Amino acid sequence: MSTGRRGGRELSYAQAIGEAIRQEMERDAGVFVYGLGVDDPKGMYGTTLDLHRVFGADRCFDTPLAEDAMTGFGVGAAIAGMRPIHVHQRMDFLMLCMNQLVNMAAKQSYMSNGAVHVPLVVRAIIGRSWGQGAQHSQAFHSYFMHVPGLKVLAPSTPHDAKGCMIAAIRDDNPVIVMEHRMLYGNRGIVPEAPYAARFGQARVLAEGDDVTIVAISHMVVEALRARPLLAEIGLSAEIVDPVSLAPLDVGTIAESVAKTGRLAVVDTSWAACGAGAEIVAAVHERLQGRRAFSALRLGYEPTPCPTTRPLEDVYYPSAKSIAAKVAALAGRAPGDWQARDIVAREIAEFRGPF
Amino acid sequence: MSTGRRGGRELSYAQAIGEAIRQEMERDAGVFVYGLGVDDPKGMYGTTLDLHRVFGADRCFDTPLAEDAMTGFGVGAAIAGMRPIHVHQRMDFLMLCMNQLVNMAAKQSYMSNGAVHVPLVVRAIIGRSWGQGAQHSQAFHSYFMHVPGLKVLAPSTPHDAKGCMIAAIRDDNPVIVMEHRMLYGNRGIVPEAPYAARFGQARVLAEGDDVTIVAISHMVVEALRARPLLAEIGLSAEIVDPVSLAPLDVGTIAESVAKTGRLAVVDTSWAACGAGAEIVAAVHERLQGRRAFSALRLGYEPTPCPTTRPLEDVYYPSAKSIAAKVAALAGRAPGDWQARDIVAREIAEFRGPF
Amino acid sequence: MTHDPATIERLYCQLRRIRRVEEEIVRIYPTDKIKSPVHLSIGQEAVAVGVCDNLGPDDILYGTYRGHAIYLAKGGNLDRMMAELYGKQDGLAAGKAGSMHLGDVAAGMIGTSAIVGTTLPLSLGHAFALRRRGSAAIVCVFFGEGAMDEGVFHETANFAALKKLPILFVCENNRYAIYSHVKDRMPEVNLCERAEAYRIPARRIAGGDIFAIRAAAAEAVAAVRAGGGPRFLECETQRWRDHVGPGEDLHIGYRTAADLASWRAGDQNARLAGLLGAAARERIDAEVEAEIARAMDFAEKSPFPAAHTMYDHVYR
Amino acid sequence: MTHDPATIERLYCQLRRIRRVEEEIVRIYPTDKIKSPVHLSIGQEAVAVGVCDNLGPDDILYGTYRGHAIYLAKGGNLDRMMAELYGKQDGLAAGKAGSMHLGDVAAGMIGTSAIVGTTLPLSLGHAFALRRRGSAAIVCVFFGEGAMDEGVFHETANFAALKKLPILFVCENNRYAIYSHVKDRMPEVNLCERAEAYRIPARRIAGGDIFAIRAAAAEAVAAVRAGGGPRFLECETQRWRDHVGPGEDLHIGYRTAADLASWRAGDQNARLAGLLGAAARERIDAEVEAEIARAMDFAEKSPFPAAHTMYDHVYR
Ligand SMILES: Cc1ncc(C[n+]2csc(CCOP(=O)(O)OP(=O)(O)O)c2C)c(N)n1
Ligand SMILES: Cc1ncc(C[n+]2csc(CCOP(=O)(O)OP(=O)(O)O)c2C)c(N)n1
Ligand SMILES: [Mg+2]
Ligand SMILES: [Mg+2]
């Protein structure tokens, strides 16, 4: 899996997802896409646009509002040998199909001692954007990381968006692909030929010596913005994007922390029992007796998501709040230095209604 | 909240739960109990036996199999000022009502800026007992610990079972009370007069200097059995029962670890993104710069639960496996010492069919 | 059939108020002062108004993210609603709810939800509680036909009928869930029959006639209030604007201009305006405009909530 | 109506086999060799046998934790089933499934679940896949009437009808979910009507007559196989034993001796035994006993799985 470099073709994150799905549908007639609105004129923010025209209505189709049964539908189709991709406009809606994901999809291979398997892909979009509030902004990756039998991918770049989608489709197990609405417009180099991301392979996006910042999904963008702020006060941050949350590449993260001695995890969800808890605990276990390190978890503030922008700005970690808290972790007194505001374009420039 | 001492009245864990509910129903006419089978002749392992006779059919009643709507029913009744107790024979079934718990119950107070609140109690029984397998043995406390707006209690003793149930009923927020089938028969001192456990208050069950074992729910029993095994090789274990998982008493745990320098969390679920991850991470954050410690998470092996007993014996932590792993954490070479088997009576003597 | 002038005035006033409020939202939306997804009821007002005309202040309402119309029809406070849309401190929930989660205990509108179908079961518990305390109030729950795809509708209907709970189910059948036609989601669009399968008496009111809706609701509310158990109304309707946001949506291509035009031709707002004398109409219109102007001003002037308030009310 | 002798023999053989297997389970259970909750179909066998007599080896079956009867009726392997109940290495899932999760791809029985209603939607996807690849096979899914309380039944029925999927829904209505009577869970016990609300042709077969079940299933299977979309059968039946475990349950007090006695009087096992000549019956009985003896021996002799196998097949 190569890192995107200048000179190649640029696509947006949304286009990269769309290309991955199209290419896999061409490759394998068993791949199909379904979910509320996937064949409508907006095509799930463009990612499934016109697939029903190209591949036919039985390979890209709308469904009733019935997340529970529609997930079971995917599990059954997968058991029967197909490769369904179920799309959810918001990850919050997965709360309606936890039973099928956790009690059914995750357990079929095991309960049959390997006789059946469930190559199901569940695409779940995290909805921060425009006053989405308490029920349209949540991310539940930690729920799926908790359960043996499920895999979880959370690409943050267009390159990984394509690679992860292809990896998820080709994998023989249920895979949750967590996308983020605020990443959809981001552009980057994406090779045209199909390629698959590797499960359990983190990506070091920037090297540094003083602190390891592990950032998840959209928080990768904010962490990369925080890096120059930290550089201003002489802190060099290594930015690690796990990409694959389950399986998780603890090795890469721990090696980075062994070097820097500091770990900050910036998550797109609440800290308690979240991915950050897992990463801090796993690195602690890995490095104990070898290297002491200080740690910090950042994520959604411990409240439901408010809708008004001034509170949203407090609720979500930003480049500024990341920099400030990482600086404090590195022993800078709060009075010493004030991180600049850096505009998060994808948020500042986003226009509603949705 | 006093620790039970010899001399008082003994009740089983199941009886303690039943007494708490009965006393609260007497105290407050708004308290009612509902759920599949609560008014049947077995009365949820005795905990709800005959409540419908004593308090009438509108205060203890059976429902259709409809976990999702029945949870919403409880949320609505709670909003309207009642104090519903919804009972689930297995915690696995909560996967069918995650939407109501996570997206609705947890958010009503916040989304209404405090105008409404949801004093709902959800009793969820973890089902290890008799070849319960992948779908009747799970514990999902970490899911609820993750979400602001929910509280989680996990009593391990009859004394705390009563205190937690009363605290949950009296609390004005949605509270998940996690019970364990293998604790139901355990007996202990339970004061007759009503008393409420304190949220966010852990309990030190045994003092020790060399290692802190934080054990959850039924694992408290196994940890207490592991303690004499560890004493045999000169390790004195402090056993901490968090009792309240959300809010979590990080302070008590961290102080213990500050003393012992070693932390083992033994959970009734998988480790990844579990309560153990939260505890290790939170203690790390709390003690950094003050006291280094080594840590270990123990829980269900990372597989679905098998049904056959020989594999179940590997799947679940036991006194022996806890002792062995804690010994290793304390630097004893595996060859040095072999922990004895200690029979878990409640498991060895349990007879099916359910 | 003739209708008494007071009724016409009352209904027109509500229709006009809701329509004009939402038109103001459309006007203001491009300024980005409302940073919240808005799901407008323009074109659908007659359902909210016709039904809520039969509810008293003690009756309880649950609804969806498409909640402006029902909130106002239930006697909602426009100042606080607008302030909520603006995300301001004096909003109904001080900026924590936004347009999708309007609620106001004072108006008996408990809660709305952005997850389709999820307030349906809440109505069960609330109705149970009302009956337990001997209240004469009933619960009315609004939802789109999309919610009837969800299993929770069926669990809710079954339990409501089983326990004979005082609930009026009101389905606003605008035939679309976002851009999905109901025919693509159901083998046959037999919503009333689906309710009747649970022995809930059901009626379909076609065409959007506000008097027909009001009359059907009056009968249903009386039956529910009398202890007859739940009732179900399917009100055919049509939204004129896009599923979400202030825009028109014919260019998207999922529905036809002719279809929309036929509904616009049946606009109840215009119809009732025509039934009123000019004087009454002008008076009402002026009152509505004055109320809206005040509310906009109220919303504009209210401060944004302070950062620390974000942490309030997670728990009680 | 007379039935041809070969059919009687075949049905009797299946009924007898299932009954005797479960009686053996009852006999052995107190030894604790089966450390798994067993949900017996004693008394209900006619539904599984009558329906499955119409299914071919390529047809697909989904069911519930009450799965012994349907597994055996579908042509299941008794040796491997018994070994699974014993938790042994040669069990269907080498001790990972137990009684509640019987499955065997070779027999076309894909999976059973201990969470009520949860294999219903799996039937949708499997049927969709079969049709996509032009298979003549159909999917048959068994469930108790308790599953019809759950929203997922409705979502499943709606989608099956919408997409005209080749699915036969078989509801075993034994009137109880554990100890809850269906009348305490539904305002009216109109299961067929609930299926018909989705335009799924439905039939109720009362009384437990195996020939009536078989005939209704034959018609339904033919219609489904011919591409007519889903069908629904409600088969009235009664379990004789406790909900779970080997015991009788009259002492619990949730049902009456008279009710149970009337069903025992209509036992299809005894009835078909009576229709057979003594010679045929003795031959079949002997074969069944021999098969059971072999299977018990197989299960006894199979070793327990090695500890390391626990980690296999979490992922493929
Ligand atoms: C459970 C759930 N699934 C999907 C969505 C996405 N969604 C938002 S509104 C909507 C359409 C609902 O249609 P309907 O119930 O008819 O109400 P209408 O918008 O027409 O008033 C959908 C699918 C959601 N919010 N919740
Ligand atoms: C979703 C769910 N809720 C509750 C249970 C507990 N439970 C196990 S079996 C059962 C009864 C189901 O009755 P029915 O569907 O009629 O099947 P039967 O046992 O009568 O064959 C119940 C309630 C469960 N397993 N799953
Ligand atoms: Mg609609
Ligand atoms: Mg039954």
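Source: prediction; values computed, not measured. Just so we're on the same page: letters track the sequence lines, and every chain starts at 1.
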Q: Quick check, are the ring centers of B:Phe93 and B:His136 under 6.0 angstrom apart?
A: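 Ring-ring flag for B:Phe93/B:His136: true, centres closer than 6.0 Å.
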Q: What residue, out of A:Ser269, A:Gly289, A:Ala134, has the most heavy-atom pairs lying under 4.5 Å from chain B?
A: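 Among A:Ser269, A:Gly289, A:Ala134, the one with the most close pairs to chain B is A:Ala134.
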Q: Are the side chains of B:Leu298 and B:Ile322 in contact, using a 4.5 Å heavy-atom criterion?
A: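 When only atoms from C-beta onward are counted, B:Leu298 and B:Ile322 do touch, with a gap below 4.5 Å.
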Q: Please examine the side chains of A:Val118 and A:Met104, heavy atoms only from C-beta on, and report whether any two atoms are closer than 4.5 Å.
A: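 No, side chains not in contact.
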Q: Does any donor atom in the side chain of B:Thr212 or B:Thr260 lie under 3.5 Å from an acceptor atom in the other side chain?
A: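 Yes, a side-chain donor-acceptor pair sits under 3.5 Å.
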Q: Which atoms of A:Gln138 come close to chain B, meaning under 4.5 Å heavy atom to heavy atom: side chain ones, backbone ones, both, or neither?
A: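 Side chain only.
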Q: Side chain, backbone, both or neither: which part of A:Val265 has an atom under 4.5 Å from a heavy atom of chain B?
A: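 Neither part.
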Q: Which region of B:Met111, side chain (C-beta onward) or backbone (N, CA, C, O), has a non-hydrogen atom less than 4.5 Å from a non-hydrogen atom of chain A, or is it both or neither?
A: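 Just the side chain, heavy atoms under 4.5 Å.
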Q: Can you say whether A:Ala292 sits under 4.5 Å from chain B via the side chain, the backbone, both, or neither, judging by heavy atoms?
A: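 Answer is neither: A:Ala292 stays 4.5 Å or more from chain B.
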Q: For residues B:Tyr316 and B:Ser137, determine if any side-chain heavy atom of one lies less than 4.5 Å from a side-chain heavy atom of the other.
A: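 Yes, at least one pair of side-chain atoms sits under 4.5 Å.
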Q: Side chain to side chain donor-acceptor pair (under 3.5 Å), that's the test. Do A:Gln135 and A:Arg90 meet it? Break it down for me.
A: CA-CA 9 Å; A:Gln135 297 176 328; A:Arg90 287 293 177 268; over 6 Å; no
Q: So do B:Met91 and B:Met178 actually touch side chain to side chain, heavy atoms under 4.5 Å?
A: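 They are in contact (side-chain heavy atoms under 4.5 Å apart), so the answer is yes.
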Q: Against chain A, work out which of B:Gly276, B:Gly274, B:Ser109 has the most heavy-atom pairs shorter than 4.5 Å and name it.
A: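 Of the options given, most contacts go to B:Gly274.
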Q: For chain B, which of A:Ser294, A:Gly149, A:Ala275 has the most heavy-atom pairs under 4.5 Å?
A: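 Top count of heavy-atom pairs under 4.5 Å with chain B: A:Ser294.
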Q: Counting heavy-atom pairs under 4.5 Å to chain B, which of A:Pro304, A:Pro302, A:Ala281 comes out on top?
A: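 Most heavy-atom pairs under 4.5 Å with chain B: A:Pro304.
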Q: Taking every non-hydrogen pair under 4.5 Å, which of A:Val280, A:Asp92, A:Thr307, A:Thr303 racks up the most with chain B?
A: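 Among the listed options, the one with the most contacts to chain B is A:Thr303.
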Q: Between A:Leu329 and chain B, which part of the residue has a heavy atom less than 4.5 Å away: side chain, backbone, both or neither?
A: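 The answer is the side chain of A:Leu329.
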Q: Heavy-atom cut-off 4.5 Å, strictly under: side chain, backbone, both or neither for A:Tyr300 against chain B?
A: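 Contact with chain B involves no heavy atom of A:Tyr300 at all.
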Q: Any salt bridge linking B:Asp171 with B:Lys151? Criterion: basic side-chain nitrogen under 4.0 Å from a carboxylate oxygen.
A: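 Judged by the 4.0 Å cut-off on N to carboxylate O distance, B:Asp171 and B:Lys151 do form a salt bridge.
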Q: Is it the side chain or the backbone of A:Cys97 that comes within 4.5 Å of chain B heavy atoms, both, or neither?
A: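 Neither part.
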Q: Quick one: which of B:Leu96, B:Leu101, B:Leu94 has the most heavy-atom pairs under 4.5 Å with chain A, could you say?
A: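 Option with the greatest count: B:Leu96.
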Q: Kindly assign one of parallel, tilted or perpendicular to the pair A:Tyr143 and B:Tyr143, based on the angle between their ring planes and the thresholds 30° and 60°.
A: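 Plane angle under 30°, so parallel.
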Q: When heavy-atom pairs shorter than 4.5 Å are enumerated against chain B, which of A:Gln288, A:His284, A:Glu285, A:Lys107 gives the highest number?
A: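 Going by pairs under 4.5 Å, I would pick A:His284.
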Q: Between chain A and each of B:Met98, B:His146, B:Glu278, count heavy-atom pairs under 4.5 Å; write down the option with the most.
A: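 Answer, by heavy-atom pair count under 4.5 Å with chain A: B:His146.
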Q: A:Gln108 versus A:His117: any side-chain heavy-atom pair under 4.5 Å?
A: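 Answer no - side chains too far apart.
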Q: Using heavy-atom distances under 4.5 Å, tell me whether A:Ala246 contacts chain B through its side chain, its backbone, both, or neither.
A: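 Neither part.
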